[in-house]
Amino acid sequence: MSTTQIQVEAEVHHDDHHDHHQSFIRKYIFSEDHKTIAKQFLITGIFWALIGGAMSVLFRLQLGFPDMDLSILKPILGKWLTANGKIDSEFYLALVTMHGTIMVFFVLTAGLSGTFSNFLIPLQVGARDMASGFMNMLSYWFFFVSGVIMFVSIFIETGPASGGWTIYPPLSALPEAMSGSGLGMTLWLVSMVFFIVSTLLGGINYITTVINLRTEGMSFARLPLTIWAFLVTAILGLLSFPVLFSAALLLVFDRSFGTSFYLSDIYIAGEALPNIGGSPILFQHLFWFLGHPEVYIVLLPALGITSEIISTNSRKPIFGYKAMIGSILGIAFLSFIVWAHHMFITGMNPFLGSIFMFLTLIIAVPSAVKVFNYITTLWRGNIVFTPAMLFSIGLVSFFISGGLTGLFLGNSAIDINVHDTYFVVAHFHIVMGSASFFGMLAGVYHWFPKMFGRMLDEKLGYIHFWISFIGIYMVFFPLHYIGLAGFPRRYYSFTNFDAFGGFTDLNMMVSIAAIITFSAQFIFLFNFFYSMWRGRKAPANPWRSNTLEWTTPINPGHGNWPGEIPTVHRWPYDYSKPGAKEDFIPQNIPLSETPESNLPEEH
Amino acid sequence: MAVQVASTQNTPILRVDPKKFTLWLFIVSIVMIFASMTSAYVVKRSDGNWLNFDLPEAFLYTTFIIVLSSATMQWAYLSAKKDAISNLNIGLVITLILSIAFLIGQFYSWSQLVGRDVYFVGNAAGSFIYVLTGLHGFHLISGIIFLIIVLISALNYKVHSKKMLLIEMCSTYWHFLGGLWVYLYLFLSLYN
Ligand code: HEM
Ligand SMILES: [Cu+2]
């Protein structure tokens with residue numbers, strides 16, 4: 001016990017000492033301060049979101065306007081354009097693959113968890129920094145290296161990995177299969193190993209910090225739901241990313257050493273490959289054991305952020321705090337036993353399929369509990385429509401409309417028809433992509449004042465929200481119809497099939513909506529960088545919120561609180577408590593100061 | 001600033017040292033790697049097309065060696081607790097020697113496999129053994145590095161009853177690595 005304390009103090013002392021004469025490099029580049037690391041993750045995430053988004057615009061151009069002449073893009077795309085100015089069909093696959101990889105891993109995993117877990121965990125649990133600042137720094141730099149490798153892979157001669165973000169073998173295992181399965185795929189795997197290390201280093205730190213470094217009084221029953229969500233997300237990552245490592249390792253052996261874990265009976269140009277006895281389904285099992293929890297790794301932080309923002313801006317306690325925690329835990333547990341719903345058509349035993357179907361459909365219960373609680377929190381609240389609040393409500397909308405299609409997909413009888421069609425694409429872009437993306441934006445709008453000491457412009461925020469919200473529905477809703485009509489995902493072109501002729505206009509509309517939605521993000525980008533330097537100065541507690549981060553100075557330094565760390569006396573959701581003078585009571589206000597509003601059991 | 005440091009920190013709610021806790025979480029992630037690998041093994045085996053062969057005898061000896069090294073590690077740890085510094089050093093050195101013997105034994109088992117015509121490239125049944133032993137060996141090397149760090153600290157009188165954190169963590173990791181191998185050995189014997 002005492003050793004712990006001495007050590008922690010020694011570390012704090014050490015850090016404070018440094019604060020005064022830190023070099024630029026230690027302060028902004030190889031920083032160990034969680035707030036700086038959070039901003040590094042955020043900026044890197046934004047960079048990747050732009051690249052990933054631009055890629056989607058390119059392939060949407062191909063899908064919406066198959067005859068378009070893109071020669072003006074020749075300087076950027078070079079030989080990836082055919083002679084008549086169209087996107088090369090192999091490059092199309094590379095674009096889809098890179099888009100998926102970048103968005104799922106770099107933007108919505110590292111960009112989201114990396115930013116908000118890093119920024120909010122120490123500030124909201126009342127800690128001076130993460131348990132290990134050094135590991136935290138390493139976590140960012142591993143992510144950075146992983147990004148550099150992925151970025152380089154886009155520019156190599158044979159092109160980046162092209163077998164889809166799920167990199168199923170044998171396509172991904174055989175360099176002969178497609179040009180993207182050569183060096184591009186190798187770089188993809190190397191980059192991912194760095195990424196896994198980064199995620200584990202970050203996640204281990206988040207878990208340790210939440211469990212060990214909470215301030216006095218911050219019991220688990222008083223943790224903000226953001227922290228609950230980040231904690232459970234980190235646990236999911238800790239349990240699932242090592243499995244991706246295993247899957248990738250065996251794939252590396254198959255690719256580069258000639259083993260047969262995933263390969264069997266393959267003929268290339270009439271020649272049999274030596275590999276015998278492997279099973280590509282094995283890869284799918286390993287991949288989806290990570291892959292399904294991964295979708296919740298992406299979503300849960302966004303849900304946590306939403307809980308916080310909706311409660312604050314409804315000026316009401318979150319409805320069913322314990323039920324929210326329970327449903328986070330329930331979702332997390334279930335997410336490990338449903339992976340095979342991605343594999344209904346792999347020829348699995350139908351009885352086994354029905355078990356996975358049953359387990360999958362149970363996830364609807366905790367998900368519905370969360371939705372219900374968001375809505376009941378909003379119900380009759382004094383809603384303040386800040387941009388963050390709008391994005392949070394948008395998230396709830398996406399979570400509902402995308403979750404509903406999940407129920408259809410979860411039924412194996414239906415999934416056999418729509419698997420690998422645009423119906424699945426519509427499902428996960430709404431429920432995962434858009435919902436988490438909105439959660440991330442909501443978080444930026446809400447915590448920007450704490451990050452940079454200035455406010456984002458609200459009007460630009462409203463414009464950004466409405467274009468994005470309507471745009472996203474215009475993009476992804478029609479994809480359900482295209483999918484039900486049977487159009488497979490990852491196909492280069494519609495036009496060769498008579499059956500899809502009727503969808504040409506719809507596809508055009510989707511592409512136009514996608515371009516508009518993407519463009520709207522530049523409003524945000526402008527707002528972000530402009531406000532960072534020129535925005536209105538932020539007050540100490542702009543949203544009149546209860547959580548601890550608003551008790552720090554407007555621009556918190558190394559160590560977060562200049563004096564003692566505040567002690568926590570109540571849960572974070574004392575909004576509009578009957579009898580209270582104000583409509584919010586921060587967590588650090590003792591019950592003795594609020595006799596007028598204490599409940600009978602609080603006296 | 002000095003004032004702030006002097007004022008007591010808030011009492012941590014859970015009384016585990018964050019570093020030890022971090023180690024446990026690392027161990028969890030390693031457990032998941034091996035859990036997934038052995039599950040993959042089971043899935044692949046039930047899939048058919050499986051080569052049957054006898055495990056190398058060397059495994060029996062290496063299993064014995066690593067269990068023994070766990071015992072010497074524990075002895076070193078207990079000696080540190082009692083401030084018996086020379087016993088501590090002897091314990092650590094023996095553990096180190098045993099660990100290297102283990103690695104050599106594992107390497108030898110590979111040549112026994114080759115002697116049985118079981119190669120890394122070939123039927124997955126064989127490849128899995130190379131992967132499992134290789135991955136375990138790789139982690140064991142990280143354990144040896146840790147062990148050497150502890151040994152150097154011990155030689156500099158930096159490990160004793162009032163400074164147990166390092167050796168505590170090292171022995172936890174060591175016992176884990178030993179247990180992991182015992183699990184792998186039993187697993188491979190049962191599911192051969
Ligand atoms: C009621 C809840 C949900 C159910 C029952 C459900 C069910 C399913 C099923 C059965 C599939 C496989 C479809 C196929 O490939 O044929 C699927 C795909 C997918 N789901 Fe969900 N889902 C639910 C919620 C979510 C949530 C909350 C997320 C993310 C945050 C999500 C993300 C995904 C992704 C990313 C895919 C596609 C992966 C790919 O093939 O590339 N789902 N979902
Ligand atoms: Cu899933």
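- The two atoms that bring A/G258 and B/V121 nearest to each other are O-CG1, 3.1 Å, heavy atoms only.
- Heavy-atom pairs under 4.5 Å with chain A were tallied for B/A124, B/A125, B/S127; the largest tally goes to B/S127.
- With chain A as the partner, the residue from B/W50, B/F34, B/F128, B/Y119 showing the most heavy-atom pairs under 4.5 Å is B/F128.
- Residue B/N49 holds its CG atom at 6.0 Å from OG of A/S264, rounded to the nearest 0.5 Å.
- Residues B/Y130 and A/T259 are not in side-chain contact: their nearest non-hydrogen atoms beyond the backbone lie 4.5 Å or more apart.
- Proximity of a side-chain donor or acceptor of B/K19 to a complementary backbone N or O of A/S132 within less than 3.5 Å is not detected.
- Of the residues considered (B/V131, B/V31, B/L135, B/L51), B/V131 shows the highest number of contacts with chain A, using heavy-atom pairs under 4.5 Å.
- With a 4.5 Å cut-off on non-hydrogen atoms, A/F257 touches chain B through its backbone and its side chain both.
- For the atom pair CG (B/L25) and CG (A/L201), the distance works out to 11.5 Å, reported to the nearest 0.5 Å.
- By number of non-hydrogen pairs under 4.5 angstrom with chain B, the leading residue of A/I207, A/N205, A/I276 is A/I207.
- Heavy atoms only, all atoms of each residue included: A/L239 and B/M32 are closest at O-CE, 3.1 Å.
- Within the 4.5 angstrom heavy-atom criterion, only side-chain atoms of A/L286, from C-beta onward, approach chain B.
- Between B/G122 and A/S260, the shortest heavy-atom contact is O-OG, 3.8 Å.
- Looking only at side-chain heavy atoms (C-beta outward), B/I30 and A/P242 stay at 4.5 Å or farther from each other.
- Using a 4.5 Å cut-off between heavy atoms, A/I281 makes no contact with chain B at all.
- Taking both residues in full, the closest heavy atoms of B/P18 and A/N212 are given as CA-ND2, 4.3 Å, listed atom of the first, atom of the second, then distance.
- Across every non-hydrogen atom of A/M135 and B/F26, the tightest pair is CE-CE1, 4.4 Å.
- Looking at A/I235, neither its backbone nor its side chain comes within 4.5 Å of chain B, counting heavy atoms on both sides.
- Among A/F241, A/F289, A/F253, the residue with the largest count of heavy-atom pairs under 4.5 Å with chain B is A/F253.
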